[in-house]
Visitor: 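Supplied in structure tokens, the structure appears directly below.
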2 protein chains.
Amino acid sequence: MSDKREHILVVAEELFGEKGFDGTSVRDIAQSAGVNLAMISYYFGSKEKLLEALIVYRTEYNYGILEELNKDEMLSSWDKIDRLVEFYVDRILNNLRFHNIMYAESTSARSNEIMEKIIHIKMRNLEQITKIITDGQAKKLFRQVDIPMTVGTIMGTITSYTQAKAYGCQILALGSNTNDEQYRSKLAPRLKAHLKQTLRGHLDIRNDDNKK
Amino acid sequence: MSDKREHILVVAEELFGEKGFDGTSVRDIAQSAGVNLAMISYYFGSKEKLLEALIVYRTEYNYGILEELNKDEMLSSWDKIDRLVEFYVDRILNNLRFHNIMYAESTSARSNEIMEKIIHIKMRNLEQITKIITDGQAKKLFRQVDIPMTVGTIMGTITSYTQAKAYGCQILALGSNTNDEQYRSKLAPRLKAHLKQTLRGHLDIRNDDNKK
DNA sequence: AAGGTTCAATTAAACGTTTGTTTAATTCAA
DNA sequence: TTGAATTAAACAAACGTTTAATTGAACCTT
């Protein structure tokens with residue numbers, strides 16, 4: 001992929017993440033990227049195709065790490081849960097803008113192509129997490145839980161603080177002029193600790209109501 | 001409030017929830033509401049003021065229930081948690097469109113007025129839940145947890161399924177033509193059961209790591 | 001090595017819509 | 001007769017996209 005094309009994608013990601021897809025004009029993108037207006041149509045065909053290209057670009061970029069985690073036989077089920085939490089918190093917080101775009105697009109269903117791409121990514125995540133949890137259940141470490149809802153809890157907890165930065169800054173006692181990097185460094189450890197504790201309480205077979 | 005003004009708000013809510021604020025034109029709203037284009041400026045002043053009016057309208061509409069729950073001395077802390085879960089799941093799912101609008105606006109920060117209104121609502125929710133949890137901790141029923149993160153878990157879990165209906169339909173084995181009412185009736189009990197179980201594991205003082 | 005050819009990259013300008021908002025005229029009940 | 005409610009029309013600005021002209025480096029032929 002050419003440097004210029006990639007540069008446009010990165011700039012578009014930032015703007016879409018800030019102001020939304022409809023809130024960002026092609027002229028905004030061209031100006032911020034320092035390219036001519038017509039180059040966006042020239043490279044991507046249309047504004048919507050640009051969004052599709054961005055999703056493909058970021059998705060391929062982030063591929064494969066979960067699969068490796070699952071294959072690692074040295075890790076206990078509990079270790080895998082901890083790694084999973086760290087992986088998702090870091091990955092989402094490192095791609096904060098992109099994550100907000102995907103999140104917004106999940107609601108609006110702009111086009112079938114984009115929606116299918118998003119659902120495909122989510123299904124793949126669900127599969128990987130399902131493997132980890134069922135594996136822990138087979139080893140009598142985890143109790144029975146609603147796995148898709150549990151995935152919703154993991155993702156939703158993280159997202160509730162990534163898509164509402166102004167609120168998050170208040171909670172974390174940060175100023176409203178906090179940049180993304182500062183926000184992430186404060187938020188990440190707190191999210192990780194909370195999610196690990198929550199999932200421990202949620203999954204531990206010793207916490208099963210039937211056994212009390 | 002006049003009937004016509006209220007009707008415009010309800011129609012705008014539906015459209016904003018479906019296609020987003022920027023994705024909905026004033027002409028869309030006027031046509032769907034069956035009123036003249038100029039009436040929106042006449043009643044609300046501008047498109048953005050209309051959004052503000054909608055937030056005020058819905059927020060006042062949903063006020064006060066949590067406060068009553070908190071004051072009820074007959075309920076145990078565990079009962080309050082269960083009621084809390086039921087309240088939030090029902091309230092969010094009954095105002096699905098509005099909830100999606102609020103969430104989208106949390107990210108984009110269209111104006112200071114709107115952002116402040118949203119943060120105010122969230123802070124009020126946080127206060128009420130904080131009371132319930134600290135009360136349970138004082139009674140030695142709940143362990144120490146990160147309360148703002150716990151609120152994020154409750155809201156985030158629900159939201160992860162309200163803002164991604166197409167994905168949710170796949171998980172719930174529903175067709176893609178499922179309407180909001182059907183979606184809600186399938187989703188609500190599952191969300192409630194999962195959140196109650198999760199919070200039980202998360203909050204129960206007997207699950208404290210120090211005590212094992 | 002020089003000159004000619006080719007084609008992707010880039011540009012400024014213009015395209016036709018659609019946007020949110022306003023205007024000025026009209027309706028209609030009090 | 002008054003004034004709020006309602007209308008069709010028009011407004012300028014912004015929108016995504018296309019066009020047609022120009023650049024400039026790579027390639028080929030002599």
Side-chain angles (χ1 to χ4, degrees), chain A residues 1-57 101 104-105 107-115 117, chain B residues 1-57 101 104-105 107-115 117:
Chain A
M1 168 147 23
S2 83
D3 276 357
K4 191 161 266 181
R5 200 182 125 100
E6 202 165 333
H7 180 235
I8 293 173
L9 283 177
V10 172
V11 169
E13 175 179 39
E14 192 160 340
L15 293 173
F16 288 162
E18 265 177 21
K19 310 193 289 177
F21 180 81
D22 289 317
T24 305
S25 73
V26 182
R27 283 171 180 80
D28 283 342
I29 301 169
Q31 191 177 2
S32 294
V35 302
N36 187 278
L37 170 67
M39 294 308 293
I40 276 116
S41 287
Y42 180 76
Y43 272 128
F44 302 97
S46 71
K47 188 187 176 189
E48 196 168 297
K49 291 268 184 65
L50 164 62
L51 176 58
E52 278 191 59
L54 174 60
I55 292 174
V56 171
Y57 172 62
I101 297 167
E105 290 305 311
T107 315
S108 72
R110 193 172 313 280
S111 78
N112 285 338
E113 286 80 11
I114 292 172
M115 186 55 83
K117 282 190 171 69
Chain B
M1 169 150 20
S2 83
D3 276 356
K4 190 161 269 182
R5 199 183 125 99
E6 202 166 334
H7 180 235
I8 292 173
L9 282 177
V10 172
V11 168
E13 176 180 37
E14 191 160 339
L15 293 173
F16 288 162
E18 264 177 22
K19 311 193 288 178
F21 180 82
D22 288 317
T24 305
S25 74
V26 182
R27 281 170 181 79
D28 283 342
I29 301 170
Q31 191 177 1
S32 294
V35 302
N36 187 277
L37 171 65
M39 294 307 293
I40 276 117
S41 286
Y42 180 75
Y43 273 128
F44 302 99
S46 71
K47 188 187 176 190
E48 195 168 298
K49 291 269 183 64
L50 164 62
L51 176 59
E52 278 190 61
L54 174 59
I55 291 174
V56 171
Y57 173 62
I101 297 167
E105 291 304 312
T107 314
S108 71
R110 195 172 312 280
S111 78
N112 285 339
E113 286 81 11
I114 292 173
M115 186 54 82
K117 282 190 172 68

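Each chain gets a letter, A, B and so on, in the order the sequences are listed, and its residues count up from 1.
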Visitor: Could you give the CZ-to-P distance, from A:R27 to C:dT11, as a whole number of Å?
Guide: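 Result: 15 Å.
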
Visitor: Quick one: do B:K19 and A:D22 make a salt bridge, cutoff under 4.0 Å?
Guide: no

Visitor: Whole Å only: how far is the CG atom of B:N36 from the P atom of D:dA4?
Guide: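 Taking atom P of D:dA4 as the reference, CG of B:N36 is at 19 Å.
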
Visitor: Rounded off to whole Å, could you give me the CE-to-C1' distance for the B:M39 and C:dT23 pair?
Guide: 15 Å

Visitor: Tell me: NZ of B:K47 to P of C:dG20, nearest whole Å?
Guide: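 Going from B:K47 (NZ) to C:dG20 (P), I get 4 Å.
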
Visitor: OP1 or OP2 of D:dT6 less than 4.0 angstrom from a side-chain nitrogen or oxygen of B:Y42, does that happen here?
Guide: no

Visitor: Quick one: is the NZ or CZ of B:K4 closer than 6.0 Å to the six-membered ring centre of B:Y43, and within 45° of its axis?
Guide: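 Output no; distance or angle outside limits.
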
Visitor: Between the side chains of B:E13 and B:Y57, is a donor N or O closer than 3.5 angstrom to an acceptor N or O?
Guide: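 Their side chains do not contain a donor-acceptor pair, so the 3.5 Å distance test is not met.
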
Visitor: Give the rounded distance in Å between these two atoms: NZ of B:K49 and C1' of C:dG20.
Guide: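 It works out to 13 Å between those atoms.
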
Visitor: Roughly, in whole Å, what's the span from NZ in A:K4 to P in D:dT23?
Guide: 16 Å

Visitor: Roughly, in whole Å, what's the span from OH in B:Y43 to C1' in D:dT6?
Guide: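 B:Y43 atom OH is separated from D:dT6 atom C1' by 9 Å.
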
Visitor: What integer distance in Å separates B:F44:CZ from C:dG20:C1'?
Guide: 15 Å

Visitor: D:dA14, OP1 or OP2 - any side-chain N/O from A:S25 closer than 4.0 Å?
Guide: no

Visitor: Check every strand shown and say whether A:S41 touches a base, only sugar-phosphate, or nothing at a heavy-atom separation below 4.0 Å.
Guide: base

Visitor: Check A:K117 with A:E52, please: is the shortest side-chain N to carboxylate O separation under 4.0 Å?
Guide: yes

Visitor: Base, sugar-phosphate, or nothing: which does A:L37 touch, judged by heavy atoms less than 4.0 Å apart?
Guide: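 Counting heavy atoms under 4.0 Å across all strands, the contact made by A:L37 includes a base.
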
